[in-house]
Amino acid sequence: MYSMTGYGKGKGESNKRIYNIEMRSVNHRFLEVKTRLPKGMLLIEEKIDKYLKEKFNRGSFSVFINIESNKDYKEEFKINYSLAESYFNAGRNIKEHFNLGYDLSLQDIIRYPEVITVDSTDEEEDIWLYIETALAEASTNLELMRKDEGLKLKADCMERIKLIEASVNEVGKYSVDVVEEYKQKLNERIKTLLDSVPVNKDRIAYEVAAFADKSNITEEIVRLEIHLGHFRKYMELDEPIGRKLDFLIQEMNREINTIGSKSSSTDIAAIVVNIKSEIEKIREQIQNIE
């Protein structure tokens with residue numbers, strides 16, 4: 001069971017450049033990848049997107065790449081002789097045209113753009129190898145963090161499921177006495193209102209039966225217990241379970257609402273409030289489960 005929240009960083013290093021990656025993820029209905037890369041790396045962005053979609057199932061990922069020079073690399077200079085010659089010839093032509101007495105010096109020529117450049121870039125086809133190394137390290141660290149948080153979420157949810165199961169058992173016990181309590185209250189009310197007038201026992205029996213049918217919550221309790229069992233089962237699966245748990249929570253909430261609306265018992269009503277509170281806490285937690 002994995003959370004969708006995590007952070008990781010990694011590094012890929014060539015003899016010329018160091019590629020640093022920082023990556024974080026938060027909860028999202030689907031899988032979304034946002035990258036912040038240096039200019040001219042659109043193809044790398046597509047590969048990062050594909051890499052993460054093959055490794056993860058859900059979450060919003062933000063990927064940041066920083067590229068710096070390797071301090072251990074001795075810079076090599078490249079001289080563009082053709083460009084230098086063009087600058088020199090252009091200068092000589094200008095001198096002759098305007099009949100000037102100034103000659104271009106070596107210092108003048110090497111100051112022109114692109115005559116001397118530093119060869120510190122990796123070959124384009126090799127860049128992805130270093131990026132992939134950094135990405136693999138960052139995603140592994142992020143995955144470990146998601147797993148660790150997932151275990152904590154699981155422990156919290158399981159504890160709340162225990163509380164709900166205990167509360168459901170209490171509801172079942174109280175529901176047995178609800179009909180009998182209603183019958184006694186109905187008899188007392190009729191006696192108070194009618195005083196000496198004879199009471200129609202058949203009519204009372206009919207009213208009690210109608211109330212028992214209307215307030216029967218056995219089906220809801222059984223379905224709620226089934227949902228709780230499925231919840232426990234899904235928590236042990238080695239696969240993304242966030243959507244399944246979200247569906248179960250909706251169904252559990254529906255059953256407990258029905259129990260609350262059917263029952264007139266104040267004891268059951270108090271328990272229903274507690275159960276709904278625990279269900280809501282679980283719902284908030286599972287929004288972050290992959």
Side-chain angles (χ1 to χ4, degrees), residues 1 3-4 27-30 58 150 152-190 192-193 200-237 239-290:
M1 178 170 160
S3 164
M4 284 189 281
N27 61 312
H28 195 272
R29 288 186 63 193
F30 307 104
R58 291 177 66 197
K152 294 176 182 177
L153 291 175
K154 178 180 178 180
D156 183 75
C157 288
M158 292 298 279
E159 191 62 33
R160 298 188 186 284
I161 288 297
K162 288 180 183 178
L163 294 174
I164 293 174
E165 287 175 330
S167 296
V168 171
N169 288 334
E170 285 189 60
V171 169
K173 293 176 183 177
Y174 280 119
S175 66
V176 175
D177 300 326
V178 168
V179 176
E180 185 60 33
E181 290 177 2
Y182 176 77
K183 181 179 179 181
Q184 292 177 3
K185 289 180 180 179
L186 185 61
N187 274 316
E188 292 172 1
R189 191 178 304 169
I190 291 174
T192 302
L193 293 174
N200 187 327
K201 294 183 178 181
D202 291 337
R203 182 61 183 176
I204 291 179
Y206 174 80
E207 291 294 336
V208 171
F211 173 81
D213 183 63
K214 182 180 178 181
S215 63
N216 190 303
I217 55 175
T218 302
E219 290 185 12
E220 287 75 15
I221 291 176
V222 170
R223 283 197 292 267
L224 191 51
E225 289 174 342
I226 291 173
H227 294 329
L228 289 167
H230 284 156
F231 197 98
R232 285 181 173 277
K233 178 182 177 181
Y234 290 155
M235 294 279 276
E236 302 301 328
L237 294 178
E239 62 184 57
I241 58 172
R243 290 193 179 95
K244 291 180 179 179
L245 295 182
D246 188 52
F247 171 76
L248 275 179
I249 283 297
Q250 292 180 43
E251 294 302 305
M252 289 164 61
N253 198 54
R254 182 179 302 164
E255 299 301 339
I256 199 63
N257 281 335
T258 304
I259 290 174
S261 64
K262 277 188 173 184
S263 178
S264 61
S265 167
T266 55
D267 292 322
I268 292 179
I271 297 173
V272 165
V273 170
N274 291 333
I275 292 177
K276 290 179 69 173
S277 176
E278 295 301 327
I279 287 177
E280 179 60 23
K281 290 174 183 176
I282 294 175
R283 190 193 66 79
E284 292 177 358
Q285 294 285 45
I286 65 175
Q287 296 306 307
N288 203 36
I289 293 176
E290 185 179 30

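Counting from 1, the numbers follow the sequence of the chain as shown.
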- prompt: Going by heavy atoms in the side chains, are Lys152 and Gln285 under 4.5 Å from each other?
  reply: no
message: So, using side-chain contact (heavy atoms from CB on, under 4.5 Å) as the criterion, who are the partners of Asn257 when residues are at least two apart?
response: Asn253, Lys276
Rounded distance (nearest 0.5 Å) linking atom CZ of Phe231 with atom CD1 of Ile286: 5.5 Å
List the atom pairs, donor and acceptor, that lie under 3.5 Å between side-chain atoms in residues 158-165 and the rest of the protein, sequence neighbours left out.
{"residue": "Arg160", "atom": "NE", "partner": "Asp156", "partner atom": "OD2", "Å": "3.1"}
{"residue": "Arg160", "atom": "NH1", "partner": "Glu278", "partner atom": "OE1", "Å": "2.9"}
{"residue": "Glu165", "atom": "OE1", "partner": "Arg232", "partner atom": "NH2", "Å": "2.9"}
{"residue": "Glu165", "atom": "OE2", "partner": "Arg232", "partner atom": "NE", "Å": "3.0"}

task: Determine, stepwise, if the pair Lys281 / Glu284 fulfils salt bridge (Lys or Arg N to Asp or Glu O under 4.0 Å).
output: CA-CA 5 Å; Lys281 290 174 183 176; Glu284 292 177 358; over 6 Å; no
message: Ile249 and side-chain contact (heavy atoms from CB on, under 4.5 Å): which single residue from Lys244, Gln287, Arg283, His227 fits?
response: Arg283
query: Just by modelled atom types, is the Arg29 backbone N or O under 3.5 Å from a matching donor or acceptor in the Arg243 side chain?
result: yes
query: In Å, rounded to the nearest 0.5 Å, how long is the span from CD1 of Ile268 to CD1 of Ile256?
result: 9.5 Å
- prompt: How far does CD1 of Ile241 sit from NZ of Lys233, to the nearest 0.5 angstrom?
  reply: 12.5 Å
- prompt: Rounded to the nearest 0.5 Å, how far does CG of Leu153 lie from CE of Met1?
  reply: 5.5 Å
- request: Could you grab the distance from atom CZ of Arg223 to atom CE of Met252, nearest 0.5 Å is fine?
  value: 14.0 Å
- prompt: Heavy-atom distance under 4.5 Å between the side chains of Pro240 and Arg58, does that happen here?
  reply: no
Distance (rounded to the nearest 0.5 Å) between Glu255 CD and Ile275 CD1: 12.0 Å
